[in-house]
Each structure stands twice: as structure tokens, then as C-alpha cells.
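Below: one structure, written as C-alpha cells.
All of these numbers come straight from a predicted model, not from anything done at the bench.
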Amino acid sequence: MSSLQTSLLILGASGDLSKRLLLPGLATLLEVKDDWDVQLVGAGVEDISDEDWKAQVRTSFENAQASKNEEDEGAQDGGEKLSRRLVDVVNASTYRKADVTDADDLRTLLAACDHDPAIYFALPPAVTEKSCAVLKDLDLPSGTRLALEKPFGTDAESAEHLNDLLHSFLPEERIHRVDHFLGRSTVLNLLGLRFANRIIEPLLSSAHVDRVDIVYDETLGLEGRARYYDKAGALVDMIQSHLLQVMAVVAMEAPASIDADDLRTQKELVLRAVRPWGGDVVTAGKRARYTAGTVGDRSLPSYVDEDGVDPSLGTETLAQLTLEVANWRWAGVPFTLRSGKALEQQRREIVITFKDSPHVPNGLTGAERPDKLRIWIAPDEMQLELNVNGPGDPYTIDHTALSVTFNPGRLSAYGEVLAGVLEGDATLSVRGDSAVQGWKVVEPFLQAWRDGKAQLDEYEAGSAGPESWDNIDC
């Protein structure tokens, strides 16, 4: 008998998110959870035939299979090797044209679900909120779960309003605010590194740490996302939505367990303690946008010349905040969060820089570089950079590195997201109060930028960032 029976109802199933991320993620999940019985139901405003829908699902599944096997010798595009299990899911899947803000259409979609549904909103935030307002007054199956993509609201007030709406008809544990950036394996790797040993964890405090940097630099430009990105910008798109959550895991105290309640409570306590560095959002925040340049072998136009961009909005493509976690462990340590587009190299990195040694004995010379702990996300790796006596002159200190690769996990990022949604595990979802608190952290910066109190710098596409910035160890 199946260990789990559920229906995955994707609203907005014909869109890019579903094709590129959700359906391939489902394929990787079903290959691992081979005893799960998952019915797939798609819905959207497009009129798609049953044959075309099944072809779309099959293609997404094949792409996931090809991606999984891309390093295997002789792997082609993987289509003909789709497993029997995935073929069965494709053949049993259905699609219905529907207005997801209409009560009758939503009732029809719920009736098409053979099991308690997990409803995934692959929709713009405004449409998602309208759909939830209609769902509120419907007779939902007892095990209904909701999965909502970022951004959750447009500010703290709207996030609180959306929380109130959702909580009026579903308990918090069945509401999943999706954050695919921090996968289950990454969270567990960070927790294991911090709390399963006595070497590193005692050093992670203001007594030993000089600074913490969390960087997500992309080489990609706008890539046709102007409709969303030009109104969001790098601060909302990445720092508010993702990097604050990374910071919370890096800075939190040890949870009693790895259960969702314990983990999310400790993350929330960190977010409540966050302040702008020095108490001044003008000096603690930086913003910039890219001008024309070359990234690798690609030539990019200036951001203001990209299709769909309104230059008058002053949207930043690179944002950097320096924050303080004002608590006993971290007071006095700057946490710098940076994310941007069209930069010279991709970086998904946490860099913990330790303070200098209080005293180096006279007679030892050489490296004066600080010790650092570097943690890379996707793939998850760690490197501890240390000053040691190198292979040459024993009186000379050299800089060396100890490296390790973490367990990568068996699922893609969206495979892990869907696993949590379908089995009702909220570990990877953002709790309602944390979604609001994230907005409260960034809103003072956003307001200062809207008021023109912070300069909008520029950097050439393909560079490390503005020349006047330190660009965090680039």
C-alpha cells in the first residue's frame, strides 16, 4: 500500500514556473519516493488539450531525467528512458481550463482531486491572494495544504493581511510559504556543521568572528523577467526572500530538534534581533545597476535598455545590506548580505571571517590573511582557510585550506519543496511571522531608496561590481 496518497493541484500549470521547476522537481521526487501515490492535476486560463498537457508533463519529466543523467557516459536527451512510474503519472494526469478566482471553477478543480489536495499557486501574487479569498468560503477537504511562491505580500502590512486571510480557513502548519533557496540537505548540512561538533560552533560568536558575508551573485541578466523584476529589484527578489533566511540559519541558536516548529522558532528569534549596521539605513545599504558589458561570451545591454524596463523606477540590480544581529552571541559583528545580476562570476557563498590572532610570536613571518570559513550552497561545500607553517621555511606562515564536500541530497531544490508540501512537513517553508519580519527588516532601506537618500551606483555587466565597493573578497 502507498505510504502517502495525495493530489497535487497546480494553479497556473501552463506557466514557466510549472514547466521549468515544479514538474521536473516532481519527477525527481517520485523517483525517490517510489511508494507515494501522487495524482497530478493542472489548471490555468489557457485552453490546453489533454494530449498537449500530457506532452508538456512528459517533456518536463524527461528534462529532469536528462539533467540527472547528464554526467553519465552516453546520456542523450533522456526522453525514451522515462521510468514506468513516471509514465504512469503522466498518463493519469489531467488539465482543466479554469478561472482560479471563480468559486465554481475552484469547486470543479477540487472535485477532480482523488485525495486531499496540495494546492500550489504558480501564479502572480495578486492572483494568488484573490484565489485564496475565494477558497476561504469553500468547503475544503480536511487535509488541504497550500503552497505560495515569493514574494509573500509587498510589504509588512500586506503580508500580515495575507496571513490573516490564510489563517481564517487553514492552520499555519498547512500553509507553505515556499523558499526553494535553502533546501533540506543544505539546512541539515549547516546544522550538522554548527551543532554536531565542538570545534567550529564555539568560535561562532562576537568573541572570535570579525564579519559574516552572505553572497549570491549571478552572471545572468534580466532574462525577460522585467514584468516582475523591474518592480521588485535585487533587495526584494533575493535578500528579503532568501538571504535573510540563510542568515537566520547561520546565526540562530541550537534548536531542540530538527522539527519544523523548533527550527522556525530559532530563525524567527534571529530576524527579530536584526538591525541596520550602525542604526543608519543610508550608510548600511548600497544599491547599483548594471550598464552595458560582456559576461563570458555574452554581450548585455544596460539594464535601462532591457525590454520592459522603466528607467524612472530606479530599480537596483545589485543590493548590499550590512546588518547586526543584536543579541548576546552576535552583537558587534557585521552581517553583509549581497545579491546582484550580470556579475563576473556566480557565487553562492557564506564567508565567516575570523578575527586576527591576538599575538603572533616574534620570529614567525609570512601570511597576514585572516582565517576564514567558506560555505558554498548548491553544490554544498566547505573550506576552512588557516594560517599554518607551510612546506617551505618553517619560520614562515603560509595560508592553506581544508576542504570537504557535503551530502548533496537526492532531490532537486523544487523536489525538496514539493516533498515538504505533499507530506505536510513545513521545515523548508517560511513561517507567517517570519515572512512579515523579513519585510520589516528591509522596508526602512526600501523607503530610503525611494526617497532618493541613497545613491544608485553603476557597474559594468561582467565586472565584480561598482569600483567604489569592496565587493566582498572578489
Side-chain angles (χ1 to χ4, degrees), residues 32 173 176-209 211-216 241-274 323 325 327-330 333 335 337 348-354 371-384 402-421 423-431 433-435 437-438:
V32 172
E173 61 268 20
H176 299 259
R177 299 166 191 82
V178 171
D179 181 9
H180 67 275
F181 190 82
L182 267 181
R184 188 191 312 263
S185 58
T186 299
V187 172
L188 293 176
N189 289 336
L190 288 171
L191 293 179
L193 173 65
R194 289 197 56 200
F195 302 123
N197 66 76
R198 292 294 297 271
I199 298 175
I200 291 177
E201 173 56 23
L203 299 179
L204 299 183
S205 73
S206 60
H208 302 286
V209 173
R211 60 183 290 175
V212 179
D213 300 304
I214 300 173
V215 180
Y216 186 86
S241 296
H242 298 311
L243 298 193
L244 282 175
Q245 292 294 315
V246 177
M247 183 187 73
V249 175
V250 171
M252 73 184 192
E253 298 298 327
S257 74
I258 59 173
D259 289 344
D261 284 347
D262 290 336
L263 280 174
R264 299 199 298 176
T265 294
Q266 291 300 332
K267 288 198 296 179
E268 169 64 11
L269 290 175
V270 171
L271 294 177
R272 290 184 189 179
V274 171
L323 308 169
V325 180
N327 62 17
W328 185 272
R329 178 189 288 265
W330 293 111
V333 177
F335 281 74
L337 280 54
R348 298 182 178 186
E349 189 176 5
I350 304 162
V351 185
I352 299 172
T353 302
F354 294 97
D371 300 329
K372 293 186 178 183
L373 176 62
R374 296 182 184 270
I375 303 166
W376 289 279
I377 298 173
D380 292 1
E381 300 175 1
M382 182 195 84
Q383 181 173 284
L384 182 60
L402 308 176
S403 301
V404 66
T405 299
F406 293 114
N407 188 325
R410 302 171 65 188
L411 299 174
S412 67
Y414 268 87
E416 291 188 325
V417 165
L418 287 172
V421 173
E423 66 184 343
D425 179 0
T427 300
L428 297 183
S429 68
V430 178
R431 202 168 68 184
D433 53 355
S434 291
Q437 193 62 36

Checklist entry - Below 4.5 Å, heavy atoms only, C-beta onward: do Ile258 and Thr427 meet side chain to side chain? => result no
Item to check | Straight-line distance of Gln383 CD to Ser403 OG, nearest 0.5 Å | outcome: 4.0 Å
Item to check | Test item: Val351 and Val215 side chains (from C-beta on) under 4.5 Å apart, heavy atoms | outcome: no
Checklist entry - Who passes salt bridge (Lys or Arg N to Asp or Glu O under 4.0 Å) against Glu173, sequence neighbours left out? => result none
Item to check | Heavy-atom pair of closest approach, residues Leu263 and Pro255 | outcome: CD2-CG, 3.8 Å
Next on the checklist: Any non-hydrogen side-chain atom of Leu428 less than 4.5 Å from a side-chain atom of His176?
Outcome noted: no
Checklist entry - Got Leu323 and Leu244 here, is their nearest side-chain heavy-atom distance under 4.5 Å? => result yes
Item to check | For Arg329 against Ala251, the heavy-atom pair lying closest together | outcome: CD-O, 4.2 Å
Next on the checklist: Tell me if the aromatic rings of His208 and Phe354 count as close, with their centers under 6.0 Å from one another.
Outcome noted: no
Next on the checklist: Looking at Arg264 and Glu268, is any side-chain nitrogen of the basic one under 4.0 Å from a carboxylate oxygen of the acidic one?
Outcome noted: no
Item to check | Any donor-acceptor N/O pair, Asn189 side chain to Val187 backbone, under 3.5 Å | outcome: no
Checklist outcome for this item: Sorted by chain and number, sequence neighbours left out, salt bridge (Lys or Arg N to Asp or Glu O under 4.0 Å) with Arg374 holds for Glu349, Glu385, Asp473
Next on the checklist: Could you walk me through whether Leu190 and Ile350 satisfy the side chain to side chain contact (heavy atoms under 4.5 Å, CB included) test, starting with their C-alpha distance in whole Å, then the side-chain angles of each, then the deciding distance to 0.1 Å, before giving a yes or no?
Outcome noted: CA-CA 11 Å; Leu190 288 171; Ile350 304 162; 4.3 Å; yes
Next on the checklist: Ignoring hydrogens, what is the shortest heavy-atom contact between Glu253 and Phe195? Give both atom names and the distance.
Outcome noted: C-CZ, 3.7 Å
Next on the checklist: Give me the atom names and distance for the closest heavy-atom approach of Glu201 to Asn197.
Outcome noted: N-OD1, 3.9 Å
Checklist outcome for this item: From the list Val333, Leu373, Thr353, side-chain contact (heavy atoms from CB on, under 4.5 Å) with Val209 holds only for Val333
Checklist entry - Are any of the side-chain heavy atoms of Val250 and Arg194 separated by less than 4.5 Å? => result no
Item to check | Rounded distance (nearest 0.5 Å) linking atom CG of Leu402 with atom CE of Met382 | outcome: 7.5 Å
Item to check | Straight-line distance of Ser206 OG to Asn327 CG, nearest 0.5 Å | outcome: 9.0 Å
Checklist entry - Which word best sums up how the rings of His242 and Phe181 line up, parallel for under 30°, tilted for 30 to 60°, or perpendicular for over 60°? => result parallel
Next on the checklist: Checking Arg410 against Ser185: is there a side-chain donor and acceptor pair closer than 3.5 Å?
Outcome noted: no
Checklist entry - Which atom names give the shortest non-hydrogen contact between Ala435 and Val430, and what distance separates them? => result N-CG1, 3.7 Å
Next on the checklist: Quick one, Thr186 with Glu416, criterion side chain to side chain contact (heavy atoms under 4.5 Å, CB included). Give me CA distance, side-chain angles, the key distance, then yes/no.
Outcome noted: CA-CA 11 Å; Thr186 299; Glu416 291 188 325; 6.0 Å; no
Next on the checklist: Between Trp330 and Leu204, is there a side-chain heavy-atom distance shorter than 4.5 Å?
Outcome noted: yes
Item to check | Point-to-point distance, once rounded to the nearest 0.5 Å, from CZ of Phe406 to CG of Leu188 | outcome: 11.5 Å
Checklist outcome for this item: salt bridge (Lys or Arg N to Asp or Glu O under 4.0 Å) filter on Asp425, not counting sequence neighbours, yields Arg184
Checklist entry - Taking all atoms of both residues into account, what is the closest heavy-atom pair of His180 and Ala413, and its distance? => result O-CB, 3.6 Å
Checklist entry - Roughly how far apart are Lys267 NZ and Gln245 CD, rounded to 0.5 Å? => result 4.0 Å
